[in-house]
K.L.:
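Let me begin by handing over the structure; questions about it come next.
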Amino acid sequence: MMTPKLMVTDPELYKYILIKDFDHFVDRGMGELDAKRDPIAGHLFLSKGEYWKRLRNKLSPTFTSGKIKYMFPLIKKCSDQLITTIRKQIGESKQMSLEVKDYCARYTTDVIGTTAFGIEINSLENPDSEFRQVSLLVMKPSVLQMLKAVLSELIPLIKYLNLKIFDPRISQFFSNLVKTNLSYREKNNIKRDDFLNIMMQLQIAQRGKTLSPDDVEMTDDVITAQSFVFFFGGYETSSSVLTFCLYELARNPDIQSTLRQEIMATKKEEGELTYEICHKMSYLDKVTKEALRMYPSLPQLDRISVKKYKLPNTDLTLDVGTKISIPTFAIHYDPEYYPDPEKFDPERFSPENIESRPHYTYLPFGDGPRNCIGKIL
Ligand code: HEM
C-alpha cells in the first residue's frame, strides 16, 4: 500500500533471500493483528520469528509422506463420491456441461474436511453445508472485513485497536468445531488418520511436563488456528489447481488423451489406485506441474528483512523492515525460462528440461525453510 517494496526478479539474488540467508528474512511482513486478539490469526502462515520457527518444527512431522499415505483412503473416498455425484448429475439432467470450478471446490472442501478435521462434510451431496457457508465467508469477505484488512496494512498503529480481520463467525465456528472434536475424541478414545489427531497427540504428550523454551504449547487455540490454516491453505489452492488443470486438459485434447491412457494403463496393471501407484504416473506429475506453473495459487512470495542485509553482488543494503516481493507469476511466464509461456506444455517438466533450466525458477510452493508445509515429495 504506502510502503515501498523491493521486487527481486533474479534467481541468483532471491535464492539468498529465500534460502541461503533465510535467517535475515524469516517473516512475511503481513498480518499485523496479533494472535492474542484473534486466536484464529495465530497460525503458521502469519506467525513470526522465533515463534514461527518453533511452531514449524512442531508441525513439520505432521506432513510426511508416511502420514499422507495413511490419509489416502480418506481422499480416495471423496474422489469416489465426486465420480458418483457427477454421474448422477449427468444422468438426471442429461446435460454434458458442468460448473467444474464449483465441483472442484466442493471436492477439496470434503477432502480437507476429512483429512484435517475428521469430519465428513459431504458438500458434494449437500452444497449448502455449514462448512461450505463458512468457507465462502473466508474466500469472499464482506466489504467491511476487506476494509479492516486494508486499513491494518495501511496504518500499522491499528494493531492497538481491537480490530479483527476475520469475521467473528469464522473464529467461532472453527473454535467450536475443534474443541468439540478434541474432547469427543479423547473421551471416546477415537484415533483417526488425520491432522487433528496428530495435533491432539502432540497436546496429550505435553500434559504434566514442563515445556522446554523451544517448544510450543499446543493449546486448543493453537490447534484451532493451525486447523484453520490447513483448511484454507489446502482447500482453495488445491481446488484452483485442479480447476485450471481440467480447463487446460479440455483445451488440449491430445494431452488429455495421453494422460487418460496413462491412468487407465496404470489402473489395469496395478489394480486399485493407491498412494504409491499415483506416484508412479509420471505424465500426471508433468501435467500437474505445468498447471501449477501457469496458475500458481500465490502470484508472489512475500518476505521482510528482520536484520540489516547487504544483497550479495549489488550495492544494495536493506534496512530492517524492508518488504520484499518475489514475483512467482512473472518468473513462471518468463520466456527465458519457459519459451512460449502461454502454451500448456507438460514436457517442460521432463527430467532433461528441468535439468536445463536455471534453479529456483519454479516456485508454486515457494522455496526455502518457509515454503509450503503441505508440499510433500
Ligand atoms: C496445490 C496446493 C498448494 C499450493 C499451490 C500451495 C502454495 C503455497 C505457497 C506458495 C506458500 C508460501 C510459500 C513461501 O512463502 O515460500 C504456502 C505456504 C503454506 N501452505 Fe501451502 N499450498 C498448497 C497446499 C497446501 C496444503 C494442502 C496445506 C495444508 C494442509 C498448506 C499449508 C500451508 C501453510 C501452513 C503455509 C505457511 C507455511 C509457513 O509459513 O511456514 N498448503 N503454500
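Counting starts at 1 for both ligands and their atoms, in listed order.
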K.L.:
Nearest protein heavy-atom contact for atom 34 (C) of ligand 1: which residue, which atom, what distance?
P.N.:
I373 CG2, 3.8 Å

K.L.:
Counting each atom of ligand 1 from 1 as listed, which ones have a heavy atom of L301 under 4.0 Å away?
P.N.:
14 (C), 15 (O), 16 (O)

K.L.:
Which ligand 1 atoms, with their elements, are less than 4.0 angstrom from a heavy-atom of L298?
P.N.:
9 (C), 10 (C), 11 (C), 12 (C)

K.L.:
Do S350 and N353 meet the criterion of a side-chain donor-acceptor pair at a distance under 3.5 Å?
P.N.:
yes

K.L.:
Suppose we measure from atom 25 (C) of ligand 1 to each protein heavy atom; which comes out shortest, and what is that distance?
P.N.:
G233 O, 3.4 Å

K.L.:
Side chains of L259 and L284: closer than 4.5 Å at any heavy-atom pair?
P.N.:
yes

K.L.:
What part of D367 sits under 4.0 Å from ligand 1 if we count only heavy atoms: the side chain, the backbone, both or neither?
P.N.:
backbone

K.L.:
Using a strict cut-off of 4.0 Å, indicate which atoms of ligand 1 neighbour a heavy atom of N371.
P.N.:
13 (C), 16 (O), 38 (C)

K.L.:
Below 3.5 Å, N or O to N or O, backbone or side chain included: is there any such pair between S297 and ligand 1?
P.N.:
no

K.L.:
Please state which option from C372, G374, S227, S240 has its nearest heavy atom closest to atom 22 (N) of ligand 1.
P.N.:
C372

K.L.:
For ligand 1, note which part of K375 has a heavy atom under 4.0 Å away: side chain, backbone, both or neither.
P.N.:
neither

K.L.:
Would you call Y235 a ligand 1 contact, heavy-atom distance under 4.0 Å?
P.N.:
no

K.L.:
Under the criterion ring-ring contact (aromatic ring centres under 6.0 Å, His included), which of Y70, F117, F230 is the partner of F195?
P.N.:
F230

K.L.:
What atoms in ligand 1 come closer than 4.0 Å to a heavy atom of L292?
P.N.:
5 (C)

K.L.:
Would you kindly specify which portion of L44 sits under 4.0 Å from ligand 1, judged on non-hydrogen atoms: side chain, backbone, both or neither?
P.N.:
both

K.L.:
Can you tell me the protein heavy atom closest to atom 37 (C) of ligand 1 and the distance?
P.N.:
F45 CD1, 3.4 Å

K.L.:
Of the backbone atoms (N, CA, C, O) and the side-chain heavy atoms from C-beta on, which set of H43 has a member under 4.0 Å from an atom of ligand 1: side chain, backbone, both, or neither?
P.N.:
neither

K.L.:
Less than 4.5 Å apart, side chain to side chain, heavy atoms only: is that true for L301 and Y14?
P.N.:
no

K.L.:
Salt bridge (Lys or Arg N to Asp or Glu O under 4.0 Å) with D302: which of R28, K5, K323?
P.N.:
K5

K.L.:
Verify the cluster assignment for F22 and L298: are they in a single hydrophobic cluster under the rule of side-chain heavy atoms below 4.5 Å apart?
P.N.:
yes

K.L.:
Run the salt-bridge test on R106 and D110 with the 4.0 Å N-O cut-off and return the result as yes or no.
P.N.:
no

K.L.:
So D345 and E290, do their side chains get closer than 4.5 Å, heavy atoms only?
P.N.:
yes

K.L.:
Can you report which non-hydrogen protein atom sits closest to atom 15 (O) of ligand 1, along with the distance?
P.N.:
R303 NH1, 2.8 Å

K.L.:
Can you tell me which residue and heavy atom of the protein come closest to atom 27 (C) of ligand 1, and the distance to 0.1 Å?
P.N.:
G234 CA, 3.5 Å

K.L.:
When you measure from the centre of the six-membered ring of Y338, is the NZ or CZ of R293 closer than 6.0 Å and no more than 45° off the axis?
P.N.:
yes

K.L.:
Numbering the atoms of ligand 1 from 1, which are under 4.0 Å from a heavy atom of G366?
P.N.:
10 (C), 13 (C), 14 (C), 16 (O)

K.L.:
At less than 4.0 angstrom from any non-hydrogen atom of R56, what atoms of ligand 1 do you find?
P.N.:
38 (C), 39 (C), 41 (O)

K.L.:
Considering only NZ, NE, NH1 and NH2 on the basic side and carboxylate oxygens on the acidic side, decide whether K76 and D80 come within less than 4.0 Å.
P.N.:
yes

K.L.:
Does ligand 1 come near enough to R28 that some N or O of the ligand is less than 3.5 Å from an N or O of the residue?
P.N.:
yes

K.L.:
For atom 4 (C) of ligand 1, what is the nearest protein heavy atom, given as residue, atom name and distance?
P.N.:
F365 CE2, 3.5 Å

K.L.:
Starting from atom 23 (C) of ligand 1, find the nearest protein heavy-atom neighbour and note its residue, name and distance.
P.N.:
T237 OG1, 3.4 Å

K.L.:
Look at D214 together with K53 and state whether they make a salt bridge at an N to O cut-off of under 4.0 Å.
P.N.:
no

K.L.:
S297 and V241: which non-hydrogen atoms are nearest, and at how many Å?
P.N.:
OG-CG2, 4.0 Å

K.L.:
Examine R370 against ligand 1 and note whether any of their N/O atoms are separated by less than 3.5 Å.
P.N.:
yes

K.L.:
Answer yes or no on whether R348 is positioned over the face of Y337, meaning its NZ or CZ is under 6.0 Å from the six-membered ring centre and within 45° of the axis.
P.N.:
no

K.L.:
Considering only the protein, which heavy-atom contact is closest to atom 10 (C) of ligand 1, and what is its distance?
P.N.:
P364 O, 3.2 Å

K.L.:
Are N197 and Q201 linked by a side-chain donor-acceptor pair shorter than 3.5 Å?
P.N.:
yes

K.L.:
Atoms of ligand 1 less than 4.0 Å from W52 heavy atoms?
P.N.:
39 (C), 40 (O), 41 (O)

